[in-house]
Structures are given as C-alpha cells and as structure tokens.
4 protein chains.
Amino acid sequence: MSYARQMLGTCPVSFNVDAGLLAATIDALNDCAQACIADTGCDLSEENVAEMVRCVRLCLDCADVCVATAGVISRQAEYDPDVVTPLLQACAAICKSCGDACERHARMHEHCRICAGACRSCERACRDLLGASDRRPKHPRPTARQ
Amino acid sequence: MSYARQMLGTCPVSFNVDAGLLAATIDALNDCAQACIADTGCDLSEENVAEMVRCVRLCLDCADVCVATAGVISRQAEYDPDVVTPLLQACAAICKSCGDACERHARMHEHCRICAGACRSCERACRDLLGASDRRPKHPRPTARQ
Amino acid sequence: MSYARQMLGTCPVSFNVDAGLLAATIDALNDCAQACIADTGCDLSEENVAEMVRCVRLCLDCADVCVATAGVISRQAEYDPDVVTPLLQACAAICKSCGDACERHARMHEHCRICAGACRSCERACRDLLGASDRRPKHPRPTARQ
Amino acid sequence: MSYARQMLGTCPVSFNVDAGLLAATIDALNDCAQACIADTGCDLSEENVAEMVRCVRLCLDCADVCVATAGVISRQAEYDPDVVTPLLQACAAICKSCGDACERHARMHEHCRICAGACRSCERACRDLLGASDRRPKHPRPTARQ
C-alpha cells in the first residue's frame with residue numbers, strides 16, 4: 001500500500017472525497033512527476049537530442065505541476081474548489097500535452113513510452129478527481145478543526 | 001534588475017506576451033513563494049500556534065503553486081492556454097485565500113502583514129498576466145524553433 | 001515495478017552504480033517526501049498542535065531535501081561526488097532527525113508512526129547508496145555522451 | 001529590501017547567525033534557482049542544443065538543490081549542522097559546476113553569462129554562510145520555543 005494511502009487512513013481530517021480516489025490521484029501524480037524527471041535525463045542523453053527538446057520542456061512543466069498538485073491535495077483540510085479545480089485542470093492539460101509528446105517518441109525510445117503511460121494515467125486520475133469533486137455537496141460542513 | 005528580467009531579455013524565444021509583464025509576474029511569484037515559506041517558519045514559532053494553523057496550511061499550498069507557476073512561465077516556449085490559464089487562475093485563487101488568512105493576523109504578527117502583501121501583489125500579477133493573455137491572438141505563430 | 005526502476009532500465013546512460021540500488025533509493029526518497037508532506041497536514045489537524053510544531057518543521061525540511069536528492073540522482077549522467085555525497089549525507093541526517101521526531105509521537109498518532117517508518121527507510125537507502133558510491137572507481141570513464 | 005530580509009526581521013526566532021548574512025544567502029539561492037530554471041528554457045531554444053545538454057542538466061540539478069537549501073534555511077528554528085553543513089556544501093559544489101558549464105557558453109550566449117554570474121554569487125554566499133556557521137558556538141542555547 002502506498003504511503004499516500006496509508007497516511008490518508010490515519011489522518012484526523014476527512015476530505016469529503018473518497019479516500020481511495022484521493023490516494024490513487026496522489027500516487028498517479030507522484031509517479032508522473034518521477035517519470036517526467038527521469039525522462040528528462042534520458043532524453044538529454046539521446047543522440048537525437050534536438051528532436052527531443054519539446055519533450056524535455058513538457059516533461060519539466062509536467063513534473064512541476066504534478067508536484068504542486070500532489071502537495072495541495074495531500075495536505076488539504078479544506079477543499080477549496082477555486083484552487084483545486086483549476087489546478088487539476090492545468091495538471092490534466094499538461095499531462096495530456098506531455099503524454100502526446102512522449103508518445104511520438106514511444107517506438108524509438110522505450111523511456112518515452114513508459115513516461116507517456118505515466119502521463120496518461122495521471123491525466124485520467126486528475127479528471128476522475130475533478131469528476132468526483134463536481135458531485136460534492138456545494139456547502140460541505142467544515143471538516144478540519146479550523 | 002531581477003534575474004527573471006535579465007534572462008528574458010537574452011533568450012532566443014519570444015513569448016507573444018510583453019516581456020516586462022512576464023518578468024514582473026515571475027518576480028511576484030518568487031517573492032510570494034519566499035514570503036510564504038518564511039511565514040510558515042515564523043507562524044510555527046508563535047505562542048498562539050493553534051490559531052496560526054490555517055495560515056500555515058495556506059502558505060504551504062501557496063508556495064507550492066507559485067513555484068510551479070513560476071517554473072512553467074519561466075521556461076515556456078509555446079504558450080499553451082489550456083495549461084497556463086487554469087494554472088494562473090489556481091495561483092491567483094490560492095494567493096487570495098492565503099493573503100486573506102495572513103491579513104487576519106497582520107496586526108498581531110508583522111511577518112503575516114508582510115506575507116499578506118506578497119500574496120496580494122502576486123494575485124494581482126497573475127490576474128494581469130491572465131488579462132494580457134486573453135488579448136493574445138488566438139492562433140499565434142510558433143515562437144520557438146520547434 | 002516503480003517508475004524509477006522502469007525508467008532506469010531504458011535510459012541510454014549507465015551510472016556506474018547498481019541500477020537496482022539507485023532505483024530503490026529514488027523510491028525511498030519519493031516515499032519519504034510524500035509521507036512528510038502528508039504528515040505535515042495531519043499534524044496541523046491534531047488537537048495538540050503546539051506539541052507537533054517541531055515535527056512539522058522537520059517534515060517540511062525533510063520533504064524539501066528528499067525532493068532535491070531524488071531529482072539529482074534521477075537525472076544524473078555524470079556522478080559528481082562533490083555534489084552527491086554531501087547531498088546524500090544531508091538527506092540521511094534530516095531523515096534521522098525527522099524520523100526521531102515522528103517516532104516520539106508514534107504511539108499517539110498513527111500517521112507519525114508511518115512517517116517515521118518512511119524516514120528510517122529513506123535514511124537507510126541514502127546510507128546504502130553512499131556506501132556503494134565509496135566503492136566506485138576513483139576515475140570512472142565518462143558514462144554519458146558528453 | 002527582499003522578502004527574505006523583511007521576513008527575517010519580524011520572525012520570533014533568532015537563528016544564531018547574522019540575519020543579514022542569512023537573508024543574503026536566501027536571496028542568492030532564489031536568484032540562482034530562477035536563473036537556472038530560465039537558462040534551461042533558453043538553452044533548449046538554441047540552435048546548437050546538442051552542445052548545451054550538459055549545461056541543461058547541471059542547471060536542473062542546481063535549481064533543485066538551491067530550492068531545497070533556501071527552504072531549509074528560510075524555515076530553520078534549530079540550526080542542525082549535520083543537515084545544513086553538507087547541504088550548503090552540496091549547493092556550493094553544484095553552483096561551482098553549473099557556473100563553470102555556463103561560463104563555457106558565456107561568449108556565445110548572453111543568458112549563460114548571466115546564469116554563470118548567479119551561480120558564482122550563490123556559491124560564494126553558501127561558502128560565506130558555511131564560514132560563519134563554523135564560528136558559531138558549539139552548544140548554542142535553544143532558540144525557538146521548542
């Protein structure tokens with residue numbers, strides 16, 4: 001069981017979102033950040049680096065946005081849709097672009113194929129959490145102690 | 001002149017957004033991240049720490065989102081509105097919440113007053129960049145070399 | 001298999017360190033960062049937050065150092081001992097302090113017990129990689145293409 | 001006056017290190033991180049990107065270590081030399097390598113010249129803080145309230 005899952009089960013806060021879904025999203029965000037950071041290093045080691053530039057850039061952006069999103073949803077006590085909704089949208093969008101860019105190199109570079117997979121899973125996880133959040137009650141009772 | 005400003009002036013990419021505005025936004029994001037990280041440490045040292053908890057949480061989220069946003073807009077070659085627009089919206093929203101929380105402690109704690117100021121400036125900078133981006137041509141010519 | 005492990009196996013660079021050991025260290029660093037970020041949120045939700053302050057601080061430092069260390073060793077092409085050795089030492093030291101602080105609350109707060117475990121594993125992984133690096137040849141042949 | 005400087009002056013903690021020196025180091029770390037993040041983007045836009053690869057890699061590592069170091073010393077309440085000393089050493093070492101790599105491109109690319117300057121200043125600031133820390137009393141009285 002991932003640390004995200006273990007921690008959520010023992011935290012004195014309830015998030016008004018299914019804990020399993022939240023943990024799966026955090027795991028997907030962390031996996032995607034790790035894949036993008038590693039893929040950057042691999043891309044920069046390829047002979048055809050000039051063709052990898054766009055992929056490198058998008059991996060860097062994707063890692064940054066995944067890390068921030070994982071931080072915010074890991075730590076949340078109050079779920080502020082004005083922050084979390086656009087953040088998840090931005091994250092899904094960069095995962096989509098980065099996944100597309102990686103997929104273009106997937107046949108030639110196995111590391112890009114794997115990174116594309118991590119981006120696709122993370123995009124899906126962000127959209128699933130967005131979908132679940134849309135179904136949250138509009139005025140949830142406060143969940144943390146302040 | 002800030003490093004953000006100096007670097008933008010010497011980069012082989014043009015961003016289709018006024019470089020001065022972009023540099024001012026990056027500076028505001030970095031200032032806000034620094035203020036929030038430092039304010040977290042100060043809040044945790046206060047006698048009335050139990051009253052500072054919400055402020056700490058929001059500072060942590062605000063720093064994370066500012067860092068990611070600064071990374072994405074510092075590095076950008078292609079301006080992808082599907083990523084940048086919601087990211088700036090999320091950033092403006094967390095700066096608003098965090099600024100409000102800090103302002104509540106502004107009379108009692110000078111560090112919260114200063115942090116509130118950094119959050120307000122950053123919120124404004126994000127909204128200014130969002131406004132400028134709305135006025136960009138819908139189909140900009142490619143700006144980077146790939 | 002973790003993404004760190006999958007990516008290392010497909011990268012055109014060889015690191016002069018056992019790939020399994022490297023991947024295990026990256027996984028431990030990412031797990032520890034996630035546990036510390038989540039534990040911060042949980043600590044801040046506890047009734048006795050004033051007693052958790054030192055734990056929160058150390059978790060924040062630990063997460064920062066783990067993230068940087070994971071980035072450097074995930075991306076490495078040249079292994080620069082002047083950077084990697086002190087970075088792993090700093091990381092092992094903060095994992096030790098943070099693990100000790102979390103352990104003090106382990107009976108009262110299950111989330112601190114779990115976080116302590118992640119810190120212990122990460123400390124051990126950093127020390128294992130330090131040990132393996134000590135046994136590397138002093139003048140390795142260059143491993144990346146530049 | 002930078003936010004690092006303003007915040008340090010209003011924080012209820014005293015760090016046993018000169019506040020001016022600490023603030024100057026935090027500013028140098030943030031400047032260097034920003035320069036490296038921006039330089040990565042500029043390097044990736046250059047025609048001769050294959051020659052910039054090592055510079056890109058080192059900028060990525062340098063930014064990561066600067067961000068972590070700035071976080072730890074911005075937030076510190078207790079000064080733990082087992083963490084801060086090797087972290088500053090790692091940071092000085094990566095600033096040295098990254099500064100050297102950027103300097104090699106300084107004549108051809110103005111952005112590398114500027115980034116090299118930020119790396120040199122940051123290396124110096126880390127070494128100054130290391131020097132000052134060596135002169136700290138061995139058993140300082142506790143400075144934060146716990």
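Throughout, a chain's letter reflects where its sequence line sits, starting with A, and its residues are numbered from 1.
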Tell me the closest heavy-atom pair linking Gly117(C) and Tyr3(A), and the distance in Å.
C-OH, 4.1 Å
With chain C as the partner chain, list the residues of residues 31-40 of chain A whose heavy atoms fall under 4.5 Å from it, by residue number, and write 'none' if nothing qualifies.
Asp31(A), Gln34(A), Ala35(A), Ile37(A), Ala38(A), Asp39(A)
Nearest 0.5 Å, what's the CD-SG distance between Glu46(C) and Cys11(A)?
7.5 Å
Taking C-beta and beyond as the side chain, do Val67(A) and Val67(C) meet within less than 4.5 Å on heavy atoms?
no
dist Ser2(C):OG -> Asn30(A):CG (nearest 0.5 Å) comes out at 12.0 Å
To check you understand the geometry: which heavy-atom pair defines the closest contact between Met7(C) and His111(A), and what is its length?
CE-O, 3.4 Å
Where do Ser45(A) and Pro12(C) come nearest, in terms of heavy atoms and distance?
CB-CG, 3.6 Å
